[in-house]
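If you scroll down you'll find the structure; I have some questions about it.
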Protein chains: 2
Amino acid sequence: MASSCRFAFAVHVLAVLALKRESGGVCSDLLAGSVNTNPVIIRRLLTRLRHAGLITTQKGSCGGATLVAAPEDIRLDVIYRAVETGVPFAQHPQQPNKRCPVGAGIERVLDEVFASAQSALESALARRTLADVLAAMAAEKAPRRSAARPTKRKAA
Amino acid sequence: MASSCRFAFAVHVLAVLALKRESGGVCSDLLAGSVNTNPVIIRRLLTRLRHAGLITTQKGSCGGATLVAAPEDIRLDVIYRAVETGVPFAQHPQQPNKRCPVGAGIERVLDEVFASAQSALESALARRTLADVLAAMAAEKAPRRSAARPTKRKAA
DNA sequence: ACAACTGTAACCTCCGTAGTTACATAACCG
DNA sequence: CGGTTATGTAACTACGGAGGTTACAGTTGT
């Protein structure tokens, strides 16, 4: 299963936009610098996010992308559907042999199985919002207990 | 997301083996005929299924593949993990910019999000067994009501 | 006019997958 | 024993989707 990193990029970009909200549009070069990729990759991503109604973009000087809704109102499944094209499963590339009792009916059964798995995946994503992602990142930086400092314990 | 059809092939093959249980091994040529692909594709699949303990194979004349357990005891998530290598999501191919507050922490947050989505997907698959697939195929052929006969209603 | 942006086309490279051919190996049968 | 029927794998091709890159037309604010 060859996966794409578009979903990861999208969450990353939207998280930056959430932090830079109220400070005007963010240009693709800046976002590309944070994601560490090419600005065109970001712009292609922004186009999809704009079509999904998650952001607005503005051309021209001092333009850029802006988050439309509050991070609490952006569920991750919406981001997923906005940027991910295919499905994690694929059917038979060639039609199976219909003279075999299995080949005759397997495709419709698999369609249903795939749909329910896909639905479960999206439901899991729907349980989190962009605000949850931001909170998790903040919690990483400032753990409530001072335990589990990974390295640099020399000056204890 | 470029998906693979290995899972579809695997369910198909195991369904055939379930139907042909008690009648000895099934050879890869026969399975390839039902799936409508090359026998080598089937053999590569059978190797994975054998490593997962789902089937046994026997070389030589009148050899072939045999289902080990009862179809009721084979959950689809086990098949999924047996044949599918990658995950539906991918992280940043290049490490994000750690000087950006988002780039510094996004990967670990996404790891957790991906894991929960993956877990939800596999749980959905785990709710079905190979026997359920066989039952669904049988139900397709013989609907409990005589409604919805697709074509050939001429001789009513 | 100029500079700073987006939007998009065109192209490249890389990688995973299905498909194909070929062949070594193993089991069964006469 | 030798022949037949299988699996198990290696080696190769073709194809498609992905990220990446360059280039450029269009748009907006100063």
Side-chain angles (χ1 to χ4, degrees), chain A residues 1-10 12-13 17 20 23-52 55-66 83-96, chain B residues 1-10 12-13 17 20 23-33 35-52 54-66 83-96:
Chain A
M1 188 175 322
S3 7
S4 93
C5 65
R6 284 204 296 265
F7 180 61
F9 281 5
H12 186 145
V13 161
L17 293 186
K20 302 238 174 164
S23 54
V26 182
C27 71
S28 64
D29 282 55
L30 198 148
L31 291 166
S34 173
V35 174
N36 193 14
T37 184
N38 193 286
V40 175
I41 301 291
I42 298 295
R43 278 181 235 150
R44 293 205 274 241
L45 202 59
L46 293 177
T47 299
R48 291 178 192 249
L49 295 174
R50 177 165 44 82
H51 287 153
I55 63 169
T56 58
T57 57
Q58 193 171 13
K59 289 181 170 185
S61 182
C62 293
T66 314
V83 301
E84 215 70 47
T85 58
V87 284
F89 305 103
Q91 275 283 6
H92 296 58
Q94 263 77 32
Q95 197 173 60
Chain B
M1 188 177 319
S3 7
S4 93
C5 64
R6 284 204 296 267
F7 180 60
F9 281 4
H12 186 145
V13 161
L17 293 186
K20 302 239 175 166
S23 53
V26 182
C27 72
S28 64
D29 282 54
L30 198 147
L31 291 166
V35 174
N36 193 14
T37 184
N38 193 286
V40 174
I41 302 291
I42 298 295
R43 277 181 235 150
R44 293 206 272 242
L45 202 58
L46 292 177
T47 299
R48 290 179 193 248
L49 295 174
R50 179 165 43 81
H51 286 153
L54 291 172
I55 62 169
T56 59
T57 56
Q58 193 171 13
K59 287 183 171 182
S61 182
C62 292
T66 313
V83 301
E84 217 69 48
T85 57
V87 283
F89 305 104
Q91 275 283 7
H92 295 59
Q94 263 74 32
Q95 197 173 60

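As a basis for the values below, the full set of heavy atoms in this structure was taken, side chains included, without hydrogen atoms, waters or symmetry mates. Letters A, B, ... mirror the listed sequences (proteins, then strands); counts begin at 1. This one's a predicted model, so the numbers in the text were calculated from it and none came from an experiment.
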| query | For A:Q95 and C:dA18, what is the distance between atoms CD and P respectively, to the nearest whole Å? | reply |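 It is 18 Å, rounded to the nearest whole Å.
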| field | Any A:Q94 side-chain nitrogen or oxygen under 4.0 Å from OP1 or OP2 of C:dA18 | value |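 The answer is no; no side-chain N or O of A:Q94 sits under 4.0 Å from OP1 or OP2.
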| field | Over all atoms of both residues, closest heavy-atom pair of A:P88 and B:P88 | value |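 Closest heavy-atom pair between A:P88 and B:P88: CB-CB, 3.9 Å.
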| request: Report yes if at least one side-chain N or O of A:R50 is closer than 4.0 Å to OP1 or OP2 of C:dT6; otherwise report no. | output: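 Answer no for this pair, as no side-chain N or O of A:R50 is under 4.0 Å from OP1 or OP2.
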| What pair of heavy atoms forms the shortest contact from B:A10 to B:L45, and how long is it? |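 That would be N-CD2, 3.6 Å.
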| message | Near DNA chain D, counting only heavy atoms under 4.0 Å, which residues of residues 58-66 of chain A show up? | response |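 Output list: A:Q58, A:K59, A:G60, A:S61.
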| What integer distance in Å separates A:E84:CD from D:dG17:C1'? |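 Those two atoms, CD and C1', are 12 Å apart.
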| task | Would you mind reading off the distance between B:H92 atom NE2 and D:dG19 atom P, rounded to a whole angstrom? | result |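 Spelled out: NE2 on B:H92 to P on D:dG19 is 12 Å.
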| message | Testing the basics here: between A:R43 and A:D29, what is the closest heavy-atom pair and its distance to 0.1 Å? | response |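 Between these two residues, the closest heavy atoms are NH2-OD1, 4.3 Å.
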| query | Under a 4.5 Å cut-off applied to non-hydrogen side-chain atoms, are A:P93 and B:F9 in contact? | reply |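 Touching, per the 4.5 Å side-chain cut-off.
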| query | So, for A:P96 and B:N36, which heavy atoms are closest and what is the spacing to 0.1 Å? | reply |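 Residues A:P96 and B:N36, closest heavy atoms: CA-CB, 4.1 Å.
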| field | Rounded distance in Å - CG (A:L30) to P (C:dA4) | value |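 Checked: the CG to P distance equals 15 Å.
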| field | Shortest non-hydrogen contact between B:Q91 and A:C5, atoms and distance | value |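 Answer, listing the atom of B:Q91 first, then A:C5: O-CB, 3.3 Å.
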| field | From CA spacing to verdict: side chain to side chain contact (heavy atoms under 4.5 Å, CB included), A:L31, A:L46 | value | CA-CA 10 Å; A:L31 291 166; A:L46 293 177; 4.2 Å; yes
| request: Nearest whole angstrom, please: distance from the P of C:dT17 to the CZ of B:F7. | output: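 After rounding, the gap between these two atoms is 16 Å.
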| said: Reading DNA chain D from 5' onward, which residue's closest nucleotide shows up sooner: B:P93 or B:T57? | reply: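 Result: B:T57.
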| query | What's the spacing between B:T37 OG1 and A:H92 NE2 if we round to 0.5 Å? | reply |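 Reported value, rounded in 0.5 Å steps: 9.5 Å.
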| query | Roughly, in whole Å, what's the span from NE2 in A:H51 to P in C:dT6? | reply |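 In whole Å, C:dT6 P and A:H51 NE2 are 15 Å from each other.
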| Between C:dT17 atom P and A:Q91 atom CD, what is the distance in whole Å? |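 Taking atom P of C:dT17 as the reference, CD of A:Q91 is at 18 Å.
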| query | Can you find a side chain N or O atom of A:S3 that sits less than 4.0 Å from OP1 or OP2 on D:dA18? | reply |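 Answer is no, no contact under 4.0 Å.
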| said: Would you say A:T85 places a side-chain N or O within less than 4.0 Å of OP1 or OP2 belonging to D:dA18? | reply: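 True: A:T85 side-chain N/O within range (under 4.0 Å) of D:dA18 OP1/OP2.
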| field | Value rounded to 0.5 Å, distance of CZ in A:R44 from CG in A:L49 | value |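 Rounded to the nearest 0.5 Å, the CZ-CG separation comes to 14.0 Å.
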| query | In residues 37-49 of chain A, which residues come under 4.0 Å of DNA chain C by heavy atom? | reply |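 Nucleic-acid contacts, sorted: A:V40, A:R43, A:R44, A:T47.
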